[in-house]
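The structure appears right after this line, and notes come after that.
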Amino acid sequence: MIDEGFDFIIIGSGIAGLYTALLAREVGNVLILTKGSIDECNTKYAQGGIAAPIGRDDSPEIHFEDTIAAGAGLCDPEAVRILVNEASDRIADLIEIGVPFDTQDGEVALAREAAHSRSRILHAGGDATGKQIEVTLSKAARVAPNITIMEHCLATEIIVRDGIAQGVIAFDSRAGSIEEFHAPIIILTTGGAGRLFKLTTNPDIATGDGVALAYRAGAEITDMEFFQFHPTALRLPGVPPFLISEAVRGEGGVLRNVEGHRFMHHYTPEADLARRDIVARSIVAEMRKTGSDRVFLDVTHLPRQTITTRFPHIYRFCLKHGLDITRGLIPVAPAAHYMMGGVKTNTRGETNISGLFACGEVACTGVHGANRLASNSLMEVLVFSKRIIETFGGKETVRDKKAVEERHFTLRKYDTSRITTPLRLAILQSLMWDNAGIIRSRDKLEEAALVLAAWYERLQKPTDRPYYELCNMVLVGRLLIEAALIREESRGAHFRSDFPEPSSGWEKHIIFRNTP
Ligand code: FAD
Ligand code: SIN
């Protein structure tokens, strides 16, 4: 066991964990605990890029307006203001660390993505932005002084005494042992929860562990009903739902139904470049109309060289599976992609538990509201990681004022005696996809809530990584479904067929907190 007086324990090694560690090591000793190898994370798969308002025709104000519009009334304007104002400095930091952003005519190249009114997406390696970032940061973290990295160590509990976070209990999945680590500052950077759903763009690590850990420790969890479904994941038999970046439509790609007709203009004036939630629901409606499980993304009208140089990763992946996208249509359908909700933080990453911070996809800073604008996630990580560490350099740590009203809840109790459904990962994922996916309704949500409550009551003590993760997913699934039941309206990514319109009475955040 290594427990050598760390100042920071960071749980996770995606962009949030690594970038925070590189900043934190300048003020103290850092331990990174990560449940797989260092580069197993969502970050590695990011394609489109990072949004920053640095173009000549752009400004933080325009980026602010686009982000607020996408968030459907639930963004925290203060958090968004911070995001857009600090974005260009954080890009400069990444360039200094060595991230090789693509350039055009000697300047950083800026791409367009849906619902951004300007071209403001920086990318690297064409569509391999996340991989370039992850590799650069992990190389830097491995050689940096003051950083200890423990791979294959799954955090299972945050130790809280007298309302103060004191350490972490972890399961070393190689040794099969339980370890305990102590530090005055614990930073959760455990990423999202896409694996809750049958179809997802997320890798295996995205099991919502951080939300479960934080909830069990007494932290506030908010906005869990808002889960983003990406409109275009590859839909080929036997092939995982590999992401086909929104930047493909930004570059001129268009959606067609199975009969070959364009359809997005029937649903919204912004057509193929509408907000992500609108495009995902329109695709579902079109698939239902045509009795198909897919639509097509067409880039065959674009110059071959544009496709192969701008999207080399997508091009090669499809080619490996027998599809030359320069000549043939790409079969696509929506898939679970990004968790907007999470552990509630203020704009310095603090949770309601002293000493416990959260950053990245696990956190809910208020930037995304009910629907994240593409490519704002990686930027959110950079901006709020920096603000967490600045706090220890003497920056003010005040609780932010509530920008939007909040409503507090605990998980409901159910009579689960009749439920006999066995708990298996595939059954959980299908249940979440069918009952709490893109289109929701009270009946379906209640059915799933009951099954999840039964599973939750009957959980055993975990002894291996898959079962730890499954337990976390059951809890996170419950938080998501309960929030989705409570929110009797449709807003952003949360759509209820029984309440299809937004309600002004629901411009509020739903917050869960575990009460003993
Ligand atoms: P992650 O990168 O997921 O890292 C989480 C880390 O925590 C991992 O190392 C994991 O192993 C570790 N971990 C989890 N649980 C535990 C535990 N219990 N104990 C120890 N370690 C644990 N966003 C954009 O802004 N632009 C894009 O172009 C973009 N494209 C995307 C494409 C895809 C296919 C996907 C899936 C996401 C994309 N996103 C994009 C979203 C973005 O990549 C993520 O939101 C972001 O990378 C999250 O970073 P993170 O560090 O918070 O989490
Ligand atoms: C994409 O490239 O479409 C994903 C971008 C994102 O999720 O921000």
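Order of listing sets the numbers, starting from 1, for every ligand and every atom in it. As a basis for the values below, the full set of heavy atoms in this structure was taken, side chains included, without hydrogen atoms, waters or symmetry mates. The structure displayed is predicted, hence computed values, not measured ones.
Distance from atom 42 (C) of ligand 1 to its nearest protein heavy atom, with residue and atom name: Ser377 OG, 3.6 Å. Residue, atom and distance of the protein heavy atom nearest to atom 44 (C) of ligand 1 are Glu361 OE1, 3.2 Å. Nearest to atom 47 (O) of ligand 1 among the protein's heavy atoms is Thr43 OG1, 2.9 Å. The protein atom (non-hydrogen) at minimum distance from atom 8 (O) of ligand 2 is Ser375 N, 2.6 Å. Nearest to atom 37 (C) of ligand 1 among the protein's heavy atoms is His337 CE1, 3.5 Å. The protein non-hydrogen atom at the shortest distance from atom 10 (C) of ligand 1 is Glu40 O, 3.7 Å. Protein heavy atom closest to atom 27 (C) of ligand 1, with residue, atom name and distance, is Gly49 O, 3.5 Å. Among all non-hydrogen protein atoms, the one lying nearest atom 36 (C) of ligand 1 is Asn202 ND2, 3.3 Å. Nearest protein heavy-atom contact of atom 2 (O) of ligand 2 is Ser245 OG, 2.7 Å. Among all non-hydrogen protein atoms, the one lying nearest atom 25 (O) of ligand 1 is Leu378 N, 2.9 Å.
Considering backbone and side-chain N/O of Ala374, none are found under 3.5 Å from N/O of ligand 2. Residue contacts with ligand 2: Asn376 is placed with no nitrogen or oxygen under 3.5 Å of a nitrogen or oxygen of the ligand (distance criterion only).
Side-chain rings of Tyr19 and Phe384 stay apart, their centers remaining 6.0 Å or farther from each other. Checked against the 6.0 Å centroid threshold, Phe317 and His321 count as a close aromatic pair. For Phe242 and Tyr45, the distance between ring centers is not under 6.0 angstrom. For an aromatic pair to be called close, the ring centres must be under 6.0 Å apart, and Tyr338 with His368 satisfies this.
Near Gly48, meaning under 4.0 Å from any of its heavy atoms, are these atoms of ligand 1: 28 (O). Each of the following atoms of ligand 1 lies closer than 4.0 Å to a heavy atom of Ala16: 51 (O), 52 (O). Under a 4.0 Å criterion applied to the non-hydrogen atoms of Gly191, ligand 1 contributes the atoms 3 (O), 5 (C), 52 (O), 53 (O). Each of the atoms 52 (O) of ligand 1 lies under 4.0 Å from some heavy atom of Gly360. Heavy-atom contacts of Gly14 reach the following atoms of ligand 1: 2 (O), 4 (O), 6 (C), 9 (O), 51 (O) (cutoff under 4.0 Å). Of all atoms in ligand 2, numbered sequentially from 1 with element shown, those under 4.0 Å from a heavy atom of His230 are 1 (C), 3 (O), 4 (C). Residue-ligand proximity, Glu246 to ligand 2, at heavy-atom distances under 4.0 Å covers atoms 1 (C), 2 (O), 3 (O). Within ligand 1, the atoms closer than 4.0 Å to a non-hydrogen atom of Arg372 are 23 (N), 24 (C), 25 (O), numbered from 1 in the order shown. Contact atoms of ligand 1 toward Cys153: 19 (N), 20 (C) (distance under 4.0 Å to a heavy atom of the residue). The ligand atoms of ligand 1 that sit less than 4.0 angstrom from a heavy atom of Tyr338 are 45 (O).
The shell of residues lying under 4.0 angstrom from ligand 2, judged by heavy atoms, excludes Gln228. Within the structure, the closest approach of Ala206 to ligand 1 does not fall below 4.0 Å when heavy atoms are considered. Proximity of Thr201 to ligand 1 is established by a heavy-atom distance of less than 4.0 Å. Between Thr34 and ligand 1 there is a heavy-atom distance shorter than 4.0 Å. Distances shorter than 4.0 angstrom occur between a heavy atom of Leu243 and an atom of ligand 2. Residue Ser375 places a heavy atom less than 4.0 Å from ligand 1.
There is no side-chain donor-acceptor pair under 3.5 Å between Glu151 and Ser37. Side-chain contact of His182 with Glu180: a donor-acceptor pair under 3.5 Å is present, judged by distance alone. Side-chain N/O atoms of Asp223 and His509 include a donor and acceptor closer than 3.5 Å. With hydrogens and angles left out, the side-chain atoms of Thr156 and Lys35 include no donor and acceptor closer than 3.5 Å. In summary, the side chains of His230 and Thr201 do not present any donor paired with an acceptor at a separation below 3.5 Å, with no hydrogens or angles considered. One side chain, Tyr267 or Glu286, offers a donor N or O that lies under 3.5 Å from an acceptor on the other. Side-chain atoms of Asp464 and Ser173 form no donor-acceptor pair, as typed in the model, at a separation below 3.5 Å.
Looking at Asp172 and Arg174, no side-chain N of the basic residue comes within less than 4.0 Å of a carboxylate O on the acidic one, giving no salt bridge.
When heavy-atom distances to ligand 1 are checked against a 4.0 Å cut-off, Asn42 comes that close through both its backbone and its side chain. Heavy atoms of Asn472 found under 4.0 angstrom from ligand 1: none, in either backbone or side chain. In Tyr468, neither the side chain nor the backbone holds a heavy atom less than 4.0 Å from any atom of ligand 1. Using a 4.0 Å cut-off between heavy atoms, His230 makes no contact with ligand 1 at all. Contacts with ligand 1 closer than 4.0 Å are made by backbone heavy atoms (N, CA, C, O) of Thr189 only, the side chain lying farther away. Counting heavy atoms closer than 4.0 Å to ligand 1, residue Asp209 contributes side-chain atoms (C-beta onward) but none from N, CA, C or O. Contacts between Ala374 and ligand 1 below 4.0 angstrom, taking non-hydrogen atoms only, are absent altogether. When non-hydrogen atoms are compared, ligand 1 lies under 4.0 Å from the backbone of Lys35 as well as from its side chain. At a heavy-atom distance under 4.0 Å, only side-chain atoms of Arg276, from C-beta outward, approach ligand 2.
Between Phe171 and Tyr468, the ring planes are tilted. Angles from 30° to 60° get that label.
Checked options Gln132, His123, Arg310; the residue passing with Asp102 is His123 (criterion: side-chain hydrogen bond (donor to acceptor under 3.5 Å, both in side chains)). Checking Lys44, Glu469, Glu40, Arg195 one by one against Ile205, the side-chain contact (heavy atoms from CB on, under 4.5 Å) holds for a single residue, Glu40. Exactly one residue among Arg262, Arg249, Arg112 makes a salt bridge (Lys or Arg N to Asp or Glu O under 4.0 Å) with Asp272. That residue is Arg262.
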Legend entry - Test ring pair (Phe, Tyr, Trp, His ring centres under 6.0 Å) applied to Phe229 and Phe495, step by step: CA-CA 11 Å; Phe229 294 83; Phe495 186 85; over 10 Å; no

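By heavy-atom distance, the residue among Cys359, Ala336, Ala46 lying nearest atom 31 (C) of ligand 1 is Ala46.
Residues passing the ring-ring contact (aromatic ring centres under 6.0 Å, His included) test with Phe263, sequence neighbours excluded: none.
Thr43 contributes a side-chain N or O that, together with a main-chain N or O of Ile15, makes up a donor-acceptor pair within less than 3.5 Å.
Annotation: the span from Ile50 atom CD1 to Leu378 atom CG amounts to 5.0 Å, rounded to 0.5 Å. Distance NE2/His116 to CZ/Arg275: 13.0 Å, rounded to 0.5 Å.
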